[in-house]
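Just so we're on the same page: letters track the sequence lines, and every chain starts at 1. Both backbone and side-chain heavy atoms feed into the values below; hydrogens, waters and symmetry mates do not.
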There are 2 protein chains.
Amino acid sequence: MATTVTLPGYTDVCEAYERIRTVVRRTPVISSSSVSQRAGRRCLFKCENFQRTGAFKFRGASNAVAALCEDECARGVATHSSGNHGAALALAAQSRNVKATIVMPENAVASKRRAVEAYGGVVRLCEATMQARISTLESVVHKDGAVSIPPYDHPAVIAGQGTAALELLEDIEPPELILTPVGGGGLLSGTALVARELAPQAAIIGVEPAGADDTRRSFLKGKRVTDVVPDTIADGLRATVGELTFPLIRENVDDIVVVDEDAIIDAMLFVWERMKIVIEPSAAVPVAALFGSDLRGRGTAAVIISGGNIDVSTVSDSFSKRT
Amino acid sequence: MATTVTLPGYTDVCEAYERIRTVVRRTPVISSSSVSQRAGRRCLFKCENFQRTGAFKFRGASNAVAALCEDECARGVATHSSGNHGAALALAAQSRNVKATIVMPENAVASKRRAVEAYGGVVRLCEATMQARISTLESVVHKDGAVSIPPYDHPAVIAGQGTAALELLEDIEPPELILTPVGGGGLLSGTALVARELAPQAAIIGVEPAGADDTRRSFLKGKRVTDVVPDTIADGLRATVGELTFPLIRENVDDIVVVDEDAIIDAMLFVWERMKIVIEPSAAVPVAALFGSDLRGRGTAAVIISGGNIDVSTVSDSFSKRT
């Protein structure tokens with residue numbers, strides 16, 4: 001069964017913003033002389049780590065929920081997620097009084113599960129395989145009639161993610177470079193739609209971990225490469241570029257570059273230490289690219305910091321030991 | 001030789017602010033629903049972790065340097081420090097083109113030493129004893145004629161630290177509680193001078209680690225207790241309450257409360273995780289008090305977040321291991 005889906009455009013992002021501007025937080029754009037000095041150019045950060053639920057994902061989920069009709073609202077929404085999208089959808093649904101069922105693998109990090117529940121989401125655990133996640137979600141959709149809201153391959157989600165760039169380019173002069181991380185491509189494709197319109201001279205760069213470089217391979221080949229097995233600390237970027245996001249990326253993005261794992265961790269900790277903000281590994285990926293040699297040049301680089309959700313139990317031992 | 005030093009007052013803080021307002025950063029006041037929920041009351045944070053050099057210390061150091069006459073500027077300034085005051089004095093001196101010599105123990109954290117040097121300070125290493133620190137500083141003062149700027153027991157330093165509260169109380173309605181951490185007492189005494197004037201109904205609370213509770217003991221006894229051997233992760237609070245700061249605290253502060261080490265680490269990581277800002281252990285001390293049972297009540301609590309300087313090498317192993 002072939003379904004025709006219309007790809008979203010710039011006006012969809014503008015309409016999304018009108019829908020969600022009262023629920024999303026307008027996040028600050030901040031600079032840091034330490035980061036700029038190390039990158040060799042002025043760097044500006046659009047801080048979606050300060051977004052509600054701690055990640056840009058809340059924008060896309062809110063727009064998808066806002067676009068539901070009354071009947072769909074009554075049926076509720078559902079998704080499978082081990083991370084930020086589940087929490088984002090739960091909160092977005094809660095603010096419209098819509099039931100959200102989040103299918104989570106049974107090995108999901110406890111803090112992520114608690115976040116979903118704190119936002120009023122109903123957690124349905126399943127085995128930790130993609131197959132189990134998909135079939136459990138299908139059963140929720142079939143039995144409850146819930147509307148499935150996927151994490152990125154959905155026009156309203158892509159348009160919603162683009163609203164971060166809309167705010168960014170209202171706040172700053174058009175930069176030379178605009179960077180985002182790439183996992184499934186929702187943030188990058190939404191950003192590119194906006195940047196093409198409001199900053200046509202800017203180079204739009206997606207950055208991926210070398211261990212999850214399906215988008216770069218797809219970009220070079222001109223065709224989606226879906227057999228990359230992701231191996232990266234950047235847990236938000238382990239997804240495969242989407243059927244909707246890829247053509248938008250191909251059309252509107254200038255380049256996809258990759259960074260290695262050590263560079264990601266180093267960039268993340270540099271930002272923690274110098275900027276005093278908590279960013280997650282996925283968010284550090286474009287920062288790592290700016291610290292590398294490939295993107296040297298003049299002019300401002302604007303980075304969308306995708307999120308700040310870390311599991312602090314990861315680092316708590318470091319302090320309990322009193323090093 | 002008895003020296004009479006006049007204790008600073010509210011007008012000294014106002015004058016300090018006129019001197020330093022162009023060099024210090026006006027830091028934001030932010031709120032967090034997660035923190036407020038856990039504390040059971042609205043909490044507002046004055047974020048001195050975003051201050052230049054990553055801590056409020058830059059305010060006091062800047063005011064002390066701004067107050068120097070030309071002759072003193074020519075002689076340079078000096079201090080001994082293993083932490084934030086050294087970096088603050090180095091940068092404050094640099095912005096007036098004044099030489100700063102920072103005596104540091106040879107076991108000082110490498111990142112702190114690099115920070116002092118990055119701000120143009122001259123590092124003089126000495127043995128890691130308080131005696132060696134004092135005698136090395138004395139020799140710098142004698143040989144070079146440098147002006148010694150101590151970390152807290154100095155009227156211009158206390159007045160400078162009070163400017164954080166001045167900004168805070170310009171930005172918000174008078175709160176029920178105002179909290180700061182206490183080490184040597186510079187921040188607390190400066191804050192109290194301002195709060196007494198601008199928020200006379202507010203209770204002003206200093207918070208100390210239980211393992212470095214000299215100020216609480218002094219407060220209860222009405223006399224400085226100087227024989228407490230500090231044992232706490234909050235490295236900024238290992239100092240002994242000062243000869244100038246203590247009478248100001250006795251006069252203007254409502255209570256000194258203590259928190260234990262686990263509560264400090266827990267509060268720090270809670271803020272990292274929920275607010276996405278990096279605060280150092282010392283800054284988490286008053287947050288830990290708000291999460292405890294002693295300070296329950298209605299009304300807003302305003303906390304001065306003292307700094308965000310952590311040594312990321314402490315936590316980097318957690319990520320390299322890929323947990």
Side-chain angles (χ1 to χ4, degrees), chain A residues 25 27-28 30 32-34 37 47-55 91 109 111-112 114-115 118 211 231-235 261-262 264-281 283-284 305 307-323, chain B residues 25 27-28 30 32-34 37 47-55 91 109 111-112 114-115 118 211 231-235 261-262 264-281 283-284 305 307-323:
Chain A
R25 192 171 288 158
T27 54
I30 63 179
S32 152
S33 53
S34 309
Q37 197 167 10
C47 289
E48 288 293 297
N49 53 330
F50 294 135
Q51 187 51 262
R52 294 176 74 190
T53 73
L91 183 61
V109 177
S111 62
K112 303 260 173 179
R114 283 197 304 272
D231 178 22
T232 174
I233 193 176
D235 55 319
E261 295 293 294
D262 285 347
I264 296 169
I265 297 167
D266 177 64
M268 180 181 79
L269 295 176
F270 189 89
V271 168
W272 290 21
E273 184 173 273
R274 303 303 179 93
M275 298 184 69
K276 320 299 180 194
I277 62 172
V278 174
I279 68 172
E280 61 186 75
I305 295 295
N309 290 326
I310 55 153
D311 182 8
V312 292
S313 68
T314 314
V315 299
S316 60
D317 279 356
S318 314
F319 294 99
S320 306
K321 271 182 283 170
R322 293 247 209 127
T323 46
Chain B
R25 191 171 290 158
T27 54
I30 64 179
S32 152
S33 52
S34 311
Q37 198 167 10
C47 290
E48 289 292 299
N49 52 330
F50 294 136
Q51 187 51 264
R52 294 176 73 188
T53 73
L91 183 61
V109 178
S111 62
K112 302 261 175 179
R114 284 197 303 272
D231 178 21
T232 173
I233 192 176
D235 55 319
E261 295 294 293
D262 286 346
I264 296 170
I265 297 167
D266 177 64
M268 179 181 81
L269 294 176
F270 189 89
V271 168
W272 290 20
E273 184 173 271
R274 304 301 179 94
M275 298 185 68
K276 320 299 179 192
I277 63 172
V278 175
I279 68 172
E280 61 186 75
I305 294 294
N309 290 327
I310 55 153
D311 182 10
V312 292
S313 68
T314 314
V315 299
S316 59
D317 280 355
S318 313
F319 295 98
S320 307
K321 270 183 282 171
R322 291 243 210 131
T323 46

Exactly one of I310(B), D311(B), V315(B) clears side chain to side chain contact (heavy atoms under 4.5 Å, CB included) with S313(B), and that residue is D311(B)
Chain B contact via N309(A) - which portion, at a heavy-atom distance below 4.5 Å
both
All side chain to side chain donor-acceptor pair (under 3.5 Å) counterparts of T27(A), not counting sequence neighbours
K46(A), E48(A)
Quick one: does V109(B)'s side chain get under 4.5 Å of D235(B)'s, heavy atoms only?
no
Could I get the full list of ring pair (Phe, Tyr, Trp, His ring centres under 6.0 Å) partners for F50(A), not counting sequence neighbours?
none
Go through the atoms of M275(B) and report whether side chain, backbone, both or neither lie under 4.5 Å from a heavy atom of chain A.
backbone
D262(B) portion near chain A, given a 4.5 angstrom heavy-atom threshold
neither
